[in-house]
Visitor: 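Please find one structure pasted underneath; my questions will follow.
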There are 2 protein chains.
Amino acid sequence: MEQLYAELFEAAGVGRRVGETIAGTAGQTQARWQTLWILGSGGTLTVPQVSRRLGVSRQNIQRLADQLQQEGLVALEPNPDHKTSPLLALTTEGRQALERINLAAEASHLEILEQFPASDVAALRALLRRFTAAMRTDPLS
Amino acid sequence: MEQLYAELFEAAGVGRRVGETIAGTAGQTQARWQTLWILGSGGTLTVPQVSRRLGVSRQNIQRLADQLQQEGLVALEPNPDHKTSPLLALTTEGRQALERINLAAEASHLEILEQFPASDVAALRALLRRFTAAMRTDPLS
DNA sequence: GCTAAATCAGCAACGAGTTGTCAAATTGAC
DNA sequence: GTCAATTTGACAACTCGTTGCTGATTTAGC
């Protein structure tokens with residue numbers, strides 16, 4: 001069981017590094033990529049909305065959004081529903097950066113799928129979901 | 001594929017929290033537990049040796065070791081092989097703390113195994129190892 | 001032995017994420 | 001409408017982990 005945890009953390013670590021490298025092809029980081037991704041697929045959202053979708057703290061996304069805005073990848077739009085909580089929207093530049101990252105990600109996925117076929121992906125996903133559910137019912141957690 | 005990554009990170013996150021909670025039963029953290037565990041099973045080691053076994057940076061372990069020493073869970077022993085790199089050894093108090101954590105961990109493992117049987121653990125481990133290997137051969141990483 | 005390369009401790013800086021607090025804005029119950 | 005509860009932005013402090021650098025120590029080639 002300990003080995004399962006060790007291998008889980010190792011896989012997550014390697015995966016994080018792969019993501020960091022992919023994002024790096026467009027001069028971005030894993031965390032910025034995730035934010036761009038959410039905005040690209042979910043339209044315009046406020047900072048708290050993004051943080052809830054990503055399951056991280058509001059302040060963390062606030063900081064990332066400030067950086068992305070300074071770099072010109074994200075623009076603030078007035079929010080008709082909230083006077084002081086603007087909507088985040090991808091700029092043209094931001095959309096292009098996301099596009100570049102997505103291309104690199106696609107290449108990486110195809111590479112990995114050559115050695116780890118789609119059927120294994122499905123099996124691994126199913127086991128991960130069940131393991132996560134089992135951990136969640138542990139009263140200790 | 002994106003979903004596989006999402007589920008992998010989610011599982012690792014939940015696992016980390018479970019470990020944090022287990023370590024918390026003895027007033028420790030996940031990271032401190034890992035260090036205690038290495039020292040408990042590997043005898044006396046230097047800081048760089050621990051960091052290599054855990055796959056983290058030396059400075060990180062240095063800081064943890066300093067804290068554990070201040071709390072009296074770890075003691076520094078002179079290293080016959082190296083004048084300025086002392087060996088870390090568990091104190092009686094440290095061994096007791098590790099024992100308490102291990103008991104809580106064992107209880108958690110049994111709980112989880114009720115819903116996620118040993119055969120699934122083996123299957124998940126095998127898939128994780130193969131997926132990690134596939135990610136590692138990705139030239140992007 | 002002696003010298004070059006690797007390893008080590010200590011320090012600083014940084015990254016990414018967390019929690020906590022406070023005042024302003026929004027929402028909802030009545 | 002009013003007022004309490006929630007949400008939000010801004011700011012600060014903190015954790016845990018990283019990299020980078022420097023000087024001392026050890027190791028290995030010769």
Visitor: Would a single hydrophobic cluster contain both M1(A) and W37(B), if residues Ile, Leu, Val, Met, Phe, Trp and Tyr are joined by side-chain heavy-atom contacts under 4.5 Å?
Guide: yes
Visitor: Between dT25(D), dG17(C), dA9(C), spot the one nearest the side chain of V47(B), thanks.
Guide: dA9(C)
Visitor: In whole angstrom, give the distance that lies between atom CG of D66(A) and atom P of dG9(D).
Guide: 10 Å
Visitor: How close or far is atom C1' of dA9(C) from atom CZ of R58(B), stated in whole angstroms?
Guide: 6 Å
Visitor: For a quick check of understanding: with a heavy-atom distance under 4.0 Å over all strands, which category does R16(A) fall into, base, sugar-phosphate or nothing?
Guide: nothing
Visitor: Going by atom types only, do R125(B) and Q3(A) share a side-chain donor-acceptor pair under 3.5 Å?
Guide: yes
Visitor: Quick check for you: among dG17(C), dA9(C), dT26(D), whose closest atom lies nearest to any side-chain atom of Q62(B)?
Guide: dA9(C)
Visitor: Tell me the interatomic distance from I61(B), atom CD1, to dT18(D), atom C1', rounded to whole angstroms.
Guide: 13 Å
Visitor: Specify the separation, in whole Å, of atom CD of Q28(B) and atom P of dT15(D).
Guide: 15 Å
Visitor: Have a look at R32(B) and say if it touches a base, only the backbone sugar-phosphate, or nothing, with a 4.0 Å heavy-atom cut-off.
Guide: nothing
Visitor: Begin with the C-alpha distance, continue with both residues' side-chain angles, and end with the deciding distance and a verdict on salt bridge (Lys or Arg N to Asp or Glu O under 4.0 Å) for E10(B) and R136(A).
Guide: CA-CA 11 Å; E10(B) 184 176 5; R136(A) 281 223 168 95; 3.0 Å; yes
Visitor: To the nearest Å, give me how far apart CG (N60(B)) and P (dC11(C)) are.
Guide: 17 Å
Visitor: Please work out if T84(B) contacts a base, only the sugar-phosphate, or nothing of the nucleic acid, heavy-atom cut-off 4.0 Å.
Guide: sugar-phosphate
Visitor: Is the backbone N or O of L88(A) less than 3.5 Å from a side-chain atom of T44(A), with the two atoms forming a donor-acceptor pair by type?
Guide: no
Visitor: Is a side-chain donor or acceptor of S85(A) paired with a backbone partner of H82(A) at a separation under 3.5 angstrom?
Guide: no
Visitor: P48(B) side chain: which of dA9(C), dT19(C), dT25(D) is closest?
Guide: dA9(C)
Visitor: Could you give the CD-to-P distance, from Q59(B) to dC8(C), as a whole number of Å?
Guide: 11 Å
Visitor: Report the residue (S57(A) or H82(A)) whose heavy-atom-nearest nucleotide on DNA chain C is the more 5′ of the two.
Guide: S57(A)
Visitor: Taking the minimum atom-to-atom distance to the side chain of S85(A), which one of dA25(C), dG9(D), dC8(C) wins?
Guide: dG9(D)
Visitor: If you check every side-chain atom of R63(B), which of dT18(D), dA25(C), dT26(D) has the closest atom?
Guide: dT18(D)
Visitor: Let's see if you can work this out: which of dC8(C), dG20(C), dT18(C) has an atom nearest to the side-chain heavy atoms of R52(B)?
Guide: dC8(C)
Visitor: Taking CG from L64(B) and P from dT15(D), how many angstroms apart are they, rounded to a whole number?
Guide: 12 Å
Visitor: Looking at every strand, decide which applies to T29(A) at a 4.0 Å heavy-atom threshold: base, sugar-phosphate, or nothing.
Guide: sugar-phosphate
Visitor: R17(A) CZ to dG17(D) P: how many Å, rounded?
Guide: 15 Å
